[in-house]
Amino acid sequence: MNIDGMISVEEARRRILAVIERLPAEEKDLADTLGQVLAEDVASPVTIPPLDNTSMDGYAVRAADTAGASEASPVMLRVIGEVAAGYIFDGEVEPGAAVRIMTGAPIPRGADAIVPFEETDETPGRNFGSFAKGRSSVGVLKAAEPGANVRSAGEDVLEGSDVMRAGTELGAAQIGVLSSLGNRTVRVYRRPVVAIISTGDELLELGQSQAPGKIYDSNSYSIAALVQEAGGVPLRLGISHDTVADLTAKIQDALKTCDLLITTAGVSRGDYDVVKDVLLREGEVDFWTVRMRPGKPLAFGSFVAPDGRRVPHIGLPGNPVSSMVTFELFGRAAIYKQSGRQGWERPTLRVVVEDRIVNSDGRRFLARGIVRQEEGRYVASLTGPQGSGILTSMALANALVVCPEDVPSLEPGDEAEAMMLGPVR
Ligand code: AMP
Ligand code: MG
């Protein structure tokens with residue numbers, strides 16, 4: 001804490017993450033685990049591929065038989081049968097014999113190389129297709145090395161080997177690998193259910209008629225989307241009036257099912273900022289002013305759920321930009337920790353600023369910027385006016401350009417760090 005009562009962004013995050021715990025693991029259908037984190041070490045019950053097999057369509061041969069083969073003097077082999085992927089050829093390739101074979105089919109006994117169709121007289125455009133099927137001999141046009149076009153059993157995975165460690169985040173490739181082992185389900189850390197309550201008498205639900213002095217609730221939508229993007233399951237519980245009774249009821253309802261509670265607004269110094277009163281009565285809550293702009297007021301604490309779980313609560317500020325930016329810095333980290341995910345940070349880029357960014361009051365300023373690539377460097381312009389109520393600035397931005405606490409201004413041409421919210425334009 002500082003003399004002015006403000007804490008740094010890092011201190012606020014440290015305090016939040018010190019309390020938040022990873023959720024328990026659950027057994028889940030593999031198809032449903034994208035973005036979740038493996039909660040068990042996985043060893044393989046199978047060898048992949050299970051048998052030596054061919055990587056090409058062609059003929060399974062004894063390599064020695066093909067010695068000296070060329071276009072000018074093909075080696076003629078007797079075709080004794082055919083095998084497709086998924087079947088075993090139950091004969092043996094004796095000297096002078098060949099088996100017509102399709103990609104993925106196990107190598108027949110006796111054979112040690114595959115001659116692709118392209119290196120036989122059965123080439124596309126020549127006599128490929130139905131005519132080739134059932135023919136009794138094939139001309140090999142090129143000598144094959146032993147092992148040519150053969151994929152060895154176990155070249156990918158060996159039975160009993162460790163395939164993946166607990167803590168691995170499951171992307172498409174990891175899900176692919178786990179499915180290749182044949183198990184339908186896998187143990188992953190649970191996704192947090194994040195209850196979101198907007199507070200404010202001025203708020204209208206979408207679809208309600210406009211009314212004097214009222215605005216539509218955008219926070220619960222933007223925050224729900226950010227929650228989902230971070231891997232949480234958003235549970236929008238609508239709007240609470242600025243009354244202790246209404247907010248208390250909504251919070252009690254949320255606590256039945258949620259792992260994290262997010263409220264927006266009502267945490268600053270206004271007369272109707274009842275979130276403060278409710279939080280103090282019902283939970284254990286700290287109110288912080290964080291040395292950042294947008295987003296100075298922030299509440300953090302916890303409530304006890306009916307089943308005894310302690311549910312953390314983050315009270316985001318009400319201004320729509322502040323709400324999103326504070327979620328970026330605190331909410332996202334909390335959801336990652338609950339999910340067992342690493343690296344909640346957005347990627348950053350060093351950029352050259354094009355517009356002046358003024359830091360009026362010694363807080364970390366996160367300006368909404370548009371980062372593009374130009375002549376081998378990254379350049380950031382501002383989206384326009386930077387008020388914390390101007391939500392369209394977030395919609396235009398692909399980055400938050402950071403002006404540090406101790407830097408009074410960034411001038412055009414200065415370098416800065418940009419937290420990337422989306423791809424470079
Ligand atoms: P407060 O923190 O309650 O003083 O709110 C700060 C500002 O954010 C006020 O202008 C509110 O009208 C606005 N605000 C609060 N909640 C929302 C919301 N859910 N959607 C859009 N604006 C909001
Ligand atoms: Mg309010």
Side-chain angles (χ1 to χ4, degrees), residues 5-6 12 194-229 232 234-251 253-254 258 260-283 285-301 313-331 361 363 365-366 368 383 385-397:
M6 285 200 255
V194 182
I196 302 161
I197 302 172
S198 288
T199 74
D201 280 356
E202 73 276 36
L203 300 178
L204 294 173
E205 304 276 6
L206 310 198
Q208 285 187 314
S209 317
Q210 292 182 48
K214 307 288 184 187
I215 58 171
Y216 291 109
D217 163 29
S218 59
N219 285 347
S220 73
Y221 287 86
S222 56
I223 299 303
L226 288 173
V227 163
Q228 209 174 346
E229 203 189 328
L235 184 63
R236 286 192 317 102
L237 292 179
I239 298 165
S240 167
H241 285 292
D242 286 327
T243 66
V244 169
D246 192 15
L247 184 57
T248 304
K250 288 222 158 55
I251 289 179
D253 190 30
C258 75
L260 175 64
L261 171 65
I262 293 184
T263 57
T264 74
V267 288
S268 48
R269 304 227 166 93
D271 282 351
Y272 296 96
D273 289 337
V274 297
V275 169
K276 269 186 165 168
D277 300 337
V278 174
L279 302 182
L280 287 168
R281 280 164 43 146
E282 304 282 323
V285 177
D286 272 336
F287 296 91
W288 303 334
T289 50
V290 182
R291 189 180 293 282
M292 64 183 283
R293 188 157 61 93
K296 183 161 69 166
L298 189 78
F300 178 69
H313 165 241
I314 303 177
L316 301 177
N319 279 304
V321 177
S322 312
S323 193
M324 289 190 75
V325 172
T326 46
F327 180 92
E328 279 294 334
L329 296 179
F330 308 117
D361 58 2
R363 293 190 264 158
F365 183 42
L366 299 135
R368 273 72 71 207
T383 54
Q386 296 287 311
S388 60
I390 303 176
L391 189 51
T392 48
S393 70
M394 282 300 283
L396 292 171

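Each ligand, and each atom within it, is numbered from 1 in the order the structure gives.
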From OG (Ser198) to CD1 (Ile262), nearest 0.5 Å
10.5 Å
Contact between Val194 and Ile223 at the side-chain level, heavy atoms closer than 4.5 Å - yes or no?
no
Distances only, to 0.1 Å: what are the N or O pairs between ligand 1 and the protein that fall under 3.5 Å?
| residue | atom | partner | partner atom | Å |
| --- | --- | --- | --- | --- |
| ligand 1 | 2 (O) | Gly266 | N | 3.3 |
| ligand 1 | 3 (O) | Gly266 | N | 3.1 |
| ligand 1 | 8 (O) | Gly318 | O | 3.2 |
| ligand 1 | 8 (O) | Asn319 | N | 3.2 |
| ligand 1 | 12 (O) | Glu202 | OE2 | 2.5 |
| ligand 1 | 14 (N) | Gly318 | O | 3.3 |
| ligand 1 | 16 (N) | Asn219 | ND2 | 3.4 |
| ligand 1 | 19 (N) | Asp217 | OD1 | 2.8 |
| ligand 1 | 19 (N) | Asn219 | ND2 | 3.4 |
| ligand 1 | 20 (N) | Ser218 | N | 3.1 |
| ligand 1 | 20 (N) | Asn219 | N | 3.4 |

Without hydrogens or angle criteria, can the side chains of Thr383 and Arg368 be said to hold a donor-acceptor pair below 3.5 Å?
no
Answer yes or no: is there a donor N or O on one side and an acceptor on the other, between the side chain of Arg363 and the main chain of Met292, under 3.5 Å?
yes
Taking atom OH of Tyr221 and atom CG of Leu206, what is their separation to the nearest 0.5 Å?
3.5 Å
Going by salt bridge (Lys or Arg N to Asp or Glu O under 4.0 Å), name the pairs with one or both residues in residues 317-330, residues two or more places apart or in two chains.
Glu328-Arg346
